[in-house]
Structures are given as C-alpha cells and as structure tokens.
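Notes for the one structure printed next.
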Amino acid sequence: MRRQGSTLLSWLTVGLVWMVSGCRPEVPNTPVTAGAARLVAHLEQEPAPAEVERVSVTLSAEGLEPRTVELARVEGGWGGTMEDIPAGDARAFHAEAFGAGGAKLFVGQTPDVTIVAGQTARVDITLRPLLGPPPPRPPEVVSATNSADRATPAGTLTLRVEARDPQGSALGFSWSASLGTLGTPVNGASASEISWTAPPCVSAGQTPSITATVSNALGLSTSRAFSFAGLPECSRLEPGSWSAITGLSWGRESFSATLLPSGGVLVIGGVATPTHARMTEVYEPSLGVSRLTGALSEWRVRHTATVLPSGKVLVAGGGTASAELYDPTTGTSTPTGAMSGPRSSHTATRLPSGQVLVVGGWNGSALATAELYEPATGMWRPVRPPLKSHGSHTATLLPSGQVLVVGGDTASAELYDPAADTWSSAGSMQEARMNHVAVPLPSGKVWVTGGLREASFEAASEVYDPATGAWSAAGEHRDGIAAVVLPSGKVLVLIEGRGAELYDPATGAWAPTGPMVRTRYRPAMTLLPSGEVLVLGGDNDQAIAELYDPATNTWRSPASKTLNRTQHTATLLRSGKVLVAGGGTPGGAVETAELYDPATNAWSVTGGMRVPRREHTATLLRSGKVLVVGGAATGEPLRPAELYDPVTGTWSAAADLETGISVPLTPAAVLLPSGKVLLVAGVLAALYDPEANTWAPTGGLRSDHQTPTATLLPSGQVLVVGGAPSATAELYDPATGTWSTAAAPGEERSRHTATLLPSGKVLVAGGSPVDTARLYDPATDTWSAAGRLPLPPRSGATATLLRSGKVLLVGGDDGQGGRRSNLYDPATNVWSASEDIGSQRAYHTATLLPSGQVLVVGGYAEGWALGMLYTP
C-alpha cells in the first residue's frame with residue numbers, strides 16, 4: 001500500500017480522537033442498544049484518487065437489513081459515519097469505489113466487526129482494483145476551429161471539430177444551434193465540418209451558441225460549444241415606420257430639441273418646407289436613428305417645447321397663439337388651450353409646481369407680457385407683466401424657484417417670483433444681448449455669452465450671482481449659439497460657424513475641443529443621460545447628427561462626409577455591409593464610395609472608383625466582388641468597367657466595353673445563373689465573363705430600350721421592359737444567346753421599376769409618363785392590371801420586395817410622389833394609402849438588408865437627404 005508517514009500519522013491521530021470521542025450521550029432511563037461505526041476507506045493503488053468520484057459502504061449481518069452510506073473525500077482517503085447500528089458481533093462492511101460514468105473501479109470489505117452499544121468503532125477498509133479491462137471512456141475533442149472569431153449579420157462561418165476515441169470506437173457527430181441556421185454537416189471518421197449562417201440580429205442579451213456533440217459506439221459522448229458576439233440587437237422600431245439614420249430626416253434651423261424621459265430627443269418645427277416642419281421626429285441615441293412620428297396641427301418656428309410632469313410635451317407658439325400636447329407614447333399631438341396672442345422667440349420655463357411660465361417673444365415687436373399654463377386644466381392665465389419687453393431672450397430657473405430673464409434686445413435682467421407673482425430688477429449687463437446663451441452653473445450662478453448687439457473689443461462673457469444680485473465679467477466673449485453644462489462643471493459652447501470650445505467657470509479660461517464634423521449656425525444641443533452631448537441641425541440643409549464625448553474631448557458622427565448622392569448604386573455585400581458608389585453631387589459626378597454597416601449603423605469611406613460616374617450599374621458577382629459598368633461623368637460615353645474587392649477595399653480595371661454607354665443610354669444589368677452578367681442598354685446586349693474578364697455581344701435587341709429594366713425569371717430567361725422610346729418587352733434566352741419578342745405592356749415607360757414576385761410574375765410600376773402598374777405572367781406571356789398607383793406618375797422611384805411578399809415603392813420625381821411610399825400586396829392586388837417619408841426622393845437607391853429592413857440612400861428633389869431605414 002502507498003501511504004506517506006505523515007498521512008499514516010494523521011489517520012492515527014484522527015482515529016485516536018474518534019476513539020476518545022466515541023462515547024455517545026445517553027438519554028436518562030433509556031437503555032442503549034446500538035452503536036456506530038467510523039468508516040475509513042483507502043485505495044490500494046493507481047489510478048489516482050482523483051479518478052474516483054464516489055465511494056459507498058454497505059453494512060450486512062445476519063438478521064439485519066442491509067444499509068448503505070456514501071463516504072466523503074478526506075485527506076488521504078474517504079471517510080464517514082454510520083449511526084444506529086444494532087450492537088453485536090459479525091458485522092460486515094463492504095465498500096465500492098466508482099469513477100466517471102458510474103464505472104466501478106475498486107472494491108473492499110472488512111468482516112467480523114463488533115459493535116458495542118453506546119460506542120463508535122473505527123472500521124478501516126482497503127479498496128483494491130477490480131480485475132478485468134478498464135471502464136470505457138467518452139470521446140475526446142482534439143481541436144475545435146472556426147473561420148472567424150466574430151459573426152456578422154446574416155454572415156456565414158465554417159465550424160470544424162476533430163475528435164478521437166480512447167477505445168478506438170467509431171465516432172458519430174451531431175450539431176445544434178441556439179440561433180441562426182446550420183448547413184448540412186460533412187462528416188469524416190474523426191472530424192466534422194459545418195456551415196452556420198448567423199441571424200441578422202439578436203435580442204438584447206442573446207449570444208448565439210453552436211454545439212458539436214461527438215458520440216462513440218458505446219453510447220458515451222462529449223460536447224464542444226462555439227459562441228459568437230458582435231451581432232446587433234434587433235430593431236426596437238415600430239413596424240411600418242420610417243427612420244433617418246445618422247441624423248434627421250431633413251435639415252432644420254430654429255427648431256426645438258427636447259430630451260424625453262425615455263432618453264430620446266424630440267425634434268419639432270423649424271425653418272424647412274412647411275409640410276416638413278409640421279412633422280415631428282424622435283432621435284434615439286441608443287439606436288442612432290431618428291424615427292418619424294406624427295404631425296403637429298400647425299407649422300411652428302421659434303416656438304417652445306416643454307416636458308410636463310405627465311411626460312407629455314407642451315408645444316407653444318412659433319408665429320401662432322395656439323398650443324398642443326405631444327404624447328411620446330403615441331407620437332401624436334392634440335390641441336390644448338391657446339395663449340393670449342401669437343408669440344415666437346419667447347421662453348417657456350417649467351416651474352417646481354409643474355406650471356409653465358411663458359415670457360415675452362415677438363409679434364411684430366418685442367412683447368412685455370407673460371402667462372402661465374396650468375397642466376391640470378389645459379388653460380392659460382395671465383400673470384403680472386415683466387418690467388421690460390423681451391424677445392430672443394433667455395429664462396433660467398434658479399435654485400430659489402425664481403426665474404431669471406436676461407436680455408432680448410436689451411441689457412436689462414429681471415427676476416420673476418412665482419410665489420408672489422412679482423417682478424424685480426436683476427441689474428444690467430454690460431451691453432444688450434439677444435439670441436445669446438445662458439446656463440446655470442453648479443455654483444448657482446448664471447453664465448451668459450454670445451448675442452451682443454454691438455460688441456466692443458473689451459466685450460466679455462458675464463455671470464450673474466443671485467446671492468448678491470450683481471453682474472460681473474467672466475472670461476472672454478464668444479459668439480455662442482448653444483451651450484450645455486457638462487458633468488465636470490465645464491461649459492461646452494457651440495460658436496457660430498466655427499466649431500466648439502470649453503469654458504471653465506473656475507478659471508474663466510477657454511480651451512478648444514476636437515474639430516467638429518460639420519460647422520453649425522442654428523443647431524440644437526442636448527446633454528444626454530450618458531454624459532455625451534448631441535448636436536442636431538443647423539441651417540435647413542444640415543441634417544447630420546454629431547456627438548461630443550467629454551472623456552476624450554472629441555466629436556464623432558456616424559455619417560460620412562460624402563453621403564449626398566443621386567443616380568448612384570447600392571450593393572449588399574456578403575458581409576452584410578452596403579457598398580454605395582459614384583453618383584451625382586452638387587459638384588458633378590464622383591468616383592467616391594462608402595460602406596454602410598447595419599451592425600453599427602455607421603458609414604465609412606472605402607476606396608474610390610477609377611473614374612467618376614453616375615447612372616451606372618453595380619452587380620455582385622459569385623466571387624463576392626462587385627462589377628460596375630456604364631454610366632457617365634459628362635455627356636461622353638464611358639467604356640471602362642471596374643471591379644470592387646471587399647476584402648481589400650480597392651478597385652481594379654475590368655475589361656472595357658467595345659461600345660461606350662452614355663447617360664441617355666442608362667444600362668440595366670443582371671447576374672445570370674451561369675455567373676455571367678448580362679448588360680442591356682439601347683439596342684446593345686453584352687455578356688461579361690468574370691472568369692475570362694471579357695465582354696462579348698449576345699444577340700441584338702429588337703427595339704431601342706433606354707433606361708429599361710431587366711429581370712431574371714425563374715426559367716432563367718431575362719425580361720427586358722420599356723425604356724423610352726420603347727413600349728415593348730423582350731425575352732433573352734441565355735441557353736441560345738437569342739432575343740424574342742414578349743407581349744407588350746401597352747404603355748411607354750421610362751425609369752420605372754420591375755420586381756419579381758414570389759409567384760413568378762413581374763410587377764412593373766410607375767415610370768414616366770404613366771401612373772399605372774402592370775403584372776407580367778411568364779407562364780402565359782400576358783399582362784394584367786396591378787391596380788392604379790395612388791399618386792401621379794413616379795419616375796426614378798425604387799421598388800423593393802419585402803420578406804412578407806409585399807413590394808415597397810418609394811419616392812419618384814413627379815408630383816408629390818417623391819416624399820411618399822406605398823405598399824403593393826400581390827394577394828389582394830391592391831396598393832396601400834401613401835405614407836409620408838419626410839423628405840422627397842428621386843433617383844435614390846433602396847436595399848433590402850439582412851434584418852429585413854430597407855435602406856434608402858441619397859436622391860434629390862428638395863435638396864439632399866440622409867439615408868432612411870424602413871422597418872416592415
């Protein structure tokens with residue numbers, strides 16, 4: 001037996017203690033007839049004790065029922081106590097030791113033990129290994145590998161496990177996944193490989209897990225799990241909703257931005273197209289999108305928006321006397337009591353009582369009036385008028401509950417006491433100010449800068465001290481247009497047309513921040529609960545959002561600097577990202593390209609094309625590369641074709657076309673089942689072979705098709721429809737390389753849409769100069785009506801087949817269709833009522849993302865717009 005001296009000594013010591021303490025207490029007047037046994041089990045030899053998972057001891061004796069106890073692991077062996085053993089001789093104790101999977105490894109026994117009533121006997125049992133072969137063991141995983149460490153939305157990974165069996169038994173493999181889709185496994189004698197397609201998004205807190213289970217012929221198994229982080233959370237946006245990404249739906253100035261209790265920022269009104277200004281939107285910092293919500297009853301500019309104790313928002317004035325209540329839970333507003341007269345550039349301050357104090361403003365001239373809104377009644381009542389008229393002023397709630405009203409075409413300041421309904425003078429600043437900023441400092445003082453009417457070289461910022469009622473200089477003057485106090489106590493100030501700076505009230509010193517992405521003129525700035533600062537708007541063509549991070553003193557924006565485009569292309573890559581390339585800008589056609597990442601809702605710049613172009617085509621090849629061909633930068637034909645490689649983010653030359661395609665001949669392209677690309681423009685048809693990098697003519701079209709559509713049918717044929725001046729349709733057969741006439745749709749259309757439906761029919765909608773939609777049935781070579789579009793002709797619109805089987809039609813440059821969307825339901829052959837998407841779009845792109853959402857990028861009609869996201 002292997003037993004160290006120290007171990008033996010310890011067991012002797014323990015035994016001595018047990019023997020000394022073996023006398024058990026007796027209950028008075030009760031005869032003691034039973035004793036106990038202190039059981040100690042030792043392993044005679046290898047395997048090591050660590051391989052033994054359980055030891056049990058069974059008592060047996062003539063006339064007694066067998067009893068079993070489980071021993072616990074102690075130093076050098078296993079131990080335990082069996083109580084209430086009837087006193088007597090010839091008590092036998094049989095021990096068994098078990099390993100993994102319940103395999104019995106050791107046995108031993110100690111017979112002829114005498115149990116004395118009222119005492120505890122020590123029983124030592126030596127466990128010896130069983131004779132025969134060792135117990136079977138489960139398979140062992142030798143290696144587990146995956147093709148990437150992180151998953152991408154709807155991306156595919158390859159997983160592989162290799163295993164061996166200690167007994168040399170045959171192995172079997174099985175796979176399971178908590179999320180996503182598994183392919184068909186490829187199993188070998190000792191390895192298994194499988195592809196896994198990640199879901200486009202996950203619920204909050206979810207992490208996909210894929211498990212490989214290896215089993216042997218003995219019924220034993222081992223599992224190995226793979227887990228992948230990095231997938232975005234599934235959208236929390238309402239179904240059927242439109243949201244602007246990386247900013248607002250359109251540029252605004254002189255609007256309101258109000259932090260809601262939910263953490264979203266409510267944006268209302270401002271200088272913009274009147275129909276736009278009525279629509280509201282909520283910027284969600286956690287999602288990086290601004291979702292469109294309901295319309296106000298009136299167009300408002302330079303109004304106020306105040307969160308009430310109920311969570312609703314009081315929207316008042318803005319060139320009108322009316323007011324309304326916006327409900328963030330429904331995204332709608334309802335009228336409430338009107339003020340005594342129209343106001344704009346006034347102030348609204350929520351008092352500790354929950355009432356809202358409105359002061360001054362403009363109505364032809366600066367106003368010297370004030371009134372109070374009662375949330376309980378929804379009515380306004382006049383309060384004592386201020387001492388002077390104020391317009392484009394500031395109003396700051398002090399810790400005392402009083403309201404400090406400063407400037408507004410004047411240098412004076414005054415205090416309103418809600419408890420006494422009285423006004424008193426609060427002194428005078430150095431110079432008159434209007435459209436300035438005023439922020440309450442942690443010290444209780446109020447700091448003011450910007451808005452000087454006639455600034456002198458000695459002009460300074462100023463601070464008001466409520467304790468003394470006095471004004472004093474407080475650092476250099478800045479033309480501040482917005483300001484917030486950061487958690488650090490410093491003040492972040494936006495400076496008109498220049499950027500931002502930090503003001504330190506403790507020292508009166510200014511310090512620069514990192515450069516802003518865009519300079520601003522009339523923006524809104526909001527301190528978020530995260531400590532970051534959100535800046536929105538600023539001029540009616542400024543829609544991009546920016547965030548300031550105080551920890552790094554830097555600005556960031558998820559928007560790219562080159563996003564404004566029209567007549568560009570957008571291609572969904574295998575990674576789930578979207579490649580946006582070329583197009584027209586205010587400065588002409590561009591060669592730049594960008595990537596949109598739905599996982600982060602952010603844009604990044606990638607390599608630019610070799611030549612600028614717009615109205616081109618972009619086709620995703622089987623290799624994962626993107627073929628761009630056609631289009632033009634000027635009126636001259638473009639012969640060069642290009643290839644984009646997502647792996648390197650670079651472009652390379654593809655074979656040139658033999659005949660250039662100019663802007664009037666906007667091409668159409670489609671990827672064929674063979675992997676080749678069919679290009680159609682005018683009367684030209686050509687095939688691109690990616691393997692050989694060559695172009696070859698393929699028959700001749702029977703009619704001239706400019707700006708046509710080309711749709712791959714389930715049969716493998718390609719349907720080409722319309723394109724001025726053609727009112728015909730043609731079919732291309734890749735097997736023979738020939739063209740044939742299809743039934744004519746009966747109407748000439750240009751820049752229309754064509755969508756292959758799940759039924760195999762093709763929906764052709766809009767285009768100039770018609771306002772109809774038609775269905776082509778390849779099985780019968782016939783056309784039928786697909787309902788009348790709810791809006792006038794729509795040229796340059798997009799049509800996207802949703803996962804539901806419905807078709808989303810967006811924008812167009814004819815009539816009011818450009819700022820509307822409609823849904824076509826093939827099951828009912830009916831179009832839905834038009835929905836306002838905020839800004840007008842034409843010659844934009846629409847891309848179905850792996851999440852099922854639709855990304856709409858670029859376009860022009862009423863200026864330039866940021867991308868929008870449609871959630872079905």
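Because the structure is predicted, anything quoted here is derived from the model rather than measured.
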- Is it true that a side-chain atom of Arg343 and a backbone atom of Gly360 form a donor plus acceptor pair closer than 3.5 Å? yes
- Query: Can you list the steps and then say if Val807 with Asn822 is a side-chain contact (heavy atoms from CB on, under 4.5 Å)?
  - Reply: CA-CA 8 Å; Val807 178; Asn822 301 91; over 6 Å; no
- Evaluate side-chain contact (heavy atoms from CB on, under 4.5 Å) for Val857 paired with Met868, printing each intermediate quantity in order. CA-CA 7 Å; Val857 174; Met868 297 200 72; over 6 Å; no
- Message: Using a strict threshold of under 4.0 Å (side-chain N to carboxylate O), is an ion pair present between Glu253 and Arg302?
- Response: no
- Any salt bridge between Arg381 and Glu374, counting N to O under 4.0 Å? yes
- Asp549/Arg556 salt bridge by N-O under 4.0 Å criterion: no
- Any Pro375 side-chain heavy atom under 4.5 Å of Tyr373 side chain: yes
- Message: Show, in sequence, the C-alpha distance, side-chain angles and deciding distance for Thr258 and Ser256, and conclude whether the side-chain hydrogen bond (donor to acceptor under 3.5 Å, both in side chains) test is met.
- Response: CA-CA 6 Å; Thr258 308; Ser256 63; 4.6 Å; no
- State, yes or no, whether a side-chain contact exists between Arg350 and Pro309 at a heavy-atom distance under 4.5 Å. yes
- Message: If we ignore hydrogens and angles and just use 3.5 Å, is the side chain of Ser795 paired with the main-chain N or O of Gly767 as donor and acceptor?
- Response: no
- Shortest non-hydrogen pair, Ala500 vs Leu492, comes out as CB-CD1, 4.1 Å
- Task: Using atom types as modelled and distance alone, determine if a side-chain donor or acceptor of Arg278 lies under 3.5 Å from a backbone N or O of Leu296.
- Result: yes
- Item | Single hit among Val265, Leu248, Ile268 for side-chain contact (heavy atoms from CB on, under 4.5 Å) with Glu281 | Leu248
- Say whether, by atom type as modelled, one donor and one acceptor occur between the side chain of Glu546 and the main chain of Met516 under 3.5 angstrom. no
- Message: Could you check whether any side-chain heavy atom of Tyr416 comes within less than 4.5 Å of a side-chain heavy atom of Leu357, counting everything from C-beta outward?
- Response: yes
- Item | Heavy-atom check, side chain of Ser333 versus side chain of Leu325, under 4.5 Å | no
- Taking NZ, NE, NH1 and NH2 as the nitrogens, is one of them in Glu324 or Lys312 under 4.0 Å from a carboxylate oxygen of the other? no
- Say whether, by atom type as modelled, one donor and one acceptor occur between the side chain of Glu284 and the main chain of Arg291 under 3.5 angstrom. no
- Heavy-atom distance under 4.5 Å between the side chains of Asp836 and Trp242, does that happen here? no
- Task: Please name the pair of heavy atoms, one in Ser344 and one in Gly319, separated by the smallest distance, quoted to 0.1 Å.
- Result: CB-N, 3.6 Å
- Message: So which atom in Ala570 and which in Val580 form the shortest heavy-atom distance, rounded to 0.1 Å?
- Response: CB-CG2, 4.1 Å
- Heavy-atom check, side chain of Leu314 versus side chain of Tyr326, under 4.5 Å: no
- For Thr280 and Gly294, indicate whether the former's side chain and the latter's backbone hold a donor-acceptor pair under 3.5 Å. yes
- Before accepting this row, confirm whether a basic side-chain N of the pair Arg819/Glu835 lies closer than 4.0 Å to the acidic partner's carboxylate O. no
- Between Asn601 and Gly288, is there a donor-acceptor pair closer than 3.5 Å when you use the side chain of the first and the backbone of the second? yes
- Which heavy-atom pair separates Met525 from Val533 by the least distance, and what is that distance? CG-CG1, 3.2 Å
- Item | Pairwise side-chain contact, Pro523 with Leu494, heavy-atom cut-off 4.5 Å (strictly under) | yes
- Message: Per the ring pair (Phe, Tyr, Trp, His ring centres under 6.0 Å) rule, what does the pair list look like for residues 823-844, sequence neighbours excluded?
- Response: Tyr824-Trp831
- Query: Are the side chains of Arg820 and Ile837 in touch, meaning some heavy atoms are under 4.5 Å apart?
  - Reply: no
- For the student: nearest non-hydrogen atoms of Leu259 and Val307, plus distance: O-CG2, 3.6 Å
- Message: Suppose the criterion is salt bridge (Lys or Arg N to Asp or Glu O under 4.0 Å): which pairs have a residue in residues 254-270, not counting sequence neighbours?
- Response: none
- Note on the structure: In terms of heavy-atom contacts, Ala545 and Leu534 come closest through CB-CD1, 4.2 Å
- Item | Short side-chain to backbone donor-acceptor contact, His346 and Leu367, under 3.5 Å | no
